[in-house]
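Here the structure is laid out as structure tokens; the discussion comes afterwards.
Note that ligands are numbered from 1 as they come in the structure, with each ligand's atoms numbered from 1 the same way.
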Amino acid sequence: MRVVLVSGGVISGVGKASSAGLLLKTAGLKVTAIKIDPYLNVDAGTLGPLEHGECFVLADGGESDLDLGNYERYLDIELGRDNNITTGKVYQAVIERERKGDYLGRTVQVVPHIVNQINETITRVAQIPVDGSGEKPDVCIVELGGTVGDLESGPFVEALVQLRHKLTRDPDSAFFNIHVSFVPLIHGEEKTKPTQHAIRQMRSAGLIPDMVACRCDASLDDATISKIASSCQVDLEQVIGVHDMETVYQVPLLLEEQGLLKLLRKGLALDQVSLSPERIANGQRLWDLWKKTIDVPKDFHPVQIALVGKYTSHMDSYLSVVKALEHAAMHCKRKLNLINVDSEHLEEGMKSTDPTKYENAWDVLRKVQGIIVPGGFGHRGIEGMIAAAKFARENKVSYLGICLGLQVAVIEAARDLCGHKNSTSEEFNANAEHKSVIFMPEGSKEVMGGTMRLGTRPTLFQAGTEWSSLRALYGGGQSVDERHRHRYEVNPDFVDDLEEKGFHFVAKDDTGRRMEAFELKDHPFYIGMQAHPEYRSKVTRPSPPFLGLVASSAGVLDKVVQEMTEGTPLINGNGSSQV
Ligand SMILES: *[C@@H]1O[C@H](CO)[C@@H](O)[C@H](O)[C@H]1NC(C)=O
Ligand SMILES: *[C@@H]1O[C@H](CO)[C@@H](O)[C@H](O)[C@H]1NC(C)=O
Ligand SMILES: *[C@@H]1O[C@H](CO)[C@@H](O)[C@H](O)[C@H]1NC(C)=O
């Protein structure tokens, strides 16, 4: 068992941790990740998107925060709800065992019982296969949230100290600790005191830094590096500066340049892992592909996309959508110019309350090449989204509707194409006479938590949809597995009516009663999906519908579709990764 612990606290370590994981992958290793959050919550599903950023849905239906999404995107893996360990989960497990009598009536304590439970969980989760190969990972990245030395993370730190002790004594195991710190620039001077202090705290807790990664504004001075090295008792090459790059995708390159992989090779005794020549070659290919993918020179053509939603002032709520658009733009070699439009500003009522906002919002829609309406809940701003869907349909602007974005386009079509002027969703008006979107029959209206259709579900392309761009983008096969998170669905009673008007439901679920995707024929790109394909988008394998939206907006859809149908499709049916 090989563990890379990423500790820190002052600033998030996720960017560094996933970059380190990527470098290990390029060496041919299989990598997994665990995020430890010292909170009492048991899962992240009930946390609000405004306070907490996006809720990231995992393949097994687990709801997590954006960090696990970051690992999946960088490492091209599929994690599960167990990859997020919280204080709440650990205590719950220990208390359950105590109730069952597993501790034989002995006193149950933080040390050793909680600490052992943490160790057992890490040891178990680190061995779960995550890349579709069914093989155990070689290395597990463990990112410890919270600050070393604070009360909440105490038991986790203790468990990790014990784990380190054990693994460093086992010839087939290893433990490597990256401590992420911050070197502020004050009056032109790089301040090392916070780093010194953090390392001292860490050492007194029993952890030993194998590398100090210093977040900084510009690259670190040599003098700063040697000061940190001598005051923290580490070698010069164990101190790495991580300054802001033009894009986050360049961080792995920066870390590689500074010798991170060399340090990891030595610290994790990677020479002793036997790797087939094929895996080494795959790793090298991945690294080449990464470098090629992220290379988007500044003078590349921009592609302008409007994101019409209701949390546009908190873009973290749409993080996976934004990332999926970035991945797609890199693939098309375009510079993504994403403009956020608050859907409420597009509504008729805005004309009188704030005409400037109204005009500005519509000006954006008139100038962009593509429009995306992402998922969301609640009533606010819905009419604005419907107006955006109508605008895109009538003006042949490329449109991608995700989840709620599919539903608003269906409502729009019911109103405009089928003449049901008052049509709406049951979510917005339970007493509406014409509901084109209804509450899913198997749900419960009383209990909000746990009643959603969550996680991976099949989307089946229907007979006679060979013309569909969406299907072609997915490689032309019959079925794709994407992740879902919804409570409402298209009303099956009105489907025939819509289809008669040319609004084609190209994909349905396995019962045939639940609409999964629509596409218009006489439009360059007008597509909606009930699933959230953004959750499976990867840096080197963009999500097909997002790729389609960006490619169509950039005028290269035909080329991309050809690539997808002739070459290896980016994402195959079961989601296993190729590299
Ligand atoms: C893990 O779960 C906790 C508790 O719900 C949540 O606060 C945290 O954001 C989650 N972290 C990840 C990486 O999903
Ligand atoms: C951690 O748990 C594993 C699996 O149960 C066990 O083999 C190992 O000895 C434990 N390590 C420590 C440090 O307690
Ligand atoms: C739509 O609702 C309005 C106001 O409630 C009503 O006057 C009108 O008759 C309804 N139109 C249709 C087509 O049902």
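Checked for salt-bridge contact, E516 and R514 miss the test: no charged N lies under 4.0 Å from a carboxylate O. Taking 4.0 Å as the cut-off between side-chain N and carboxylate O, R536 and E482 count as a salt-bridged pair. Ionic pairing of E63 and R485 is present here: one or more N-O contacts between side-chain nitrogen and carboxylate oxygen are shorter than 4.0 angstrom. The pair D131-K25 does not count as a salt bridge, with every side-chain nitrogen at least 4.0 angstrom from each carboxylate oxygen.
For the side-chain hydrogen bond (donor to acceptor under 3.5 Å, both in side chains) condition, the pairs that include at least one residue of residues 258-280, sequence neighbours left out, are D138-R279.
Ring planes of H327 and Y249: perpendicular class, angle over 60° (limits at 30 and 60°).
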Between ligand 2 and the protein, which N/O pairs are shorter than 3.5 Å?
| from | atom 1 | to | atom 2 | distance (Å) |
| --- | --- | --- | --- | --- |
| ligand 2 | 2 (O) | N119 | ND2 | 2.3 |
| ligand 2 | 9 (O) | K166 | NZ | 3.0 |
| ligand 2 | 11 (N) | N119 | ND2 | 2.9 |
| ligand 2 | 14 (O) | N119 | ND2 | 3.3 |

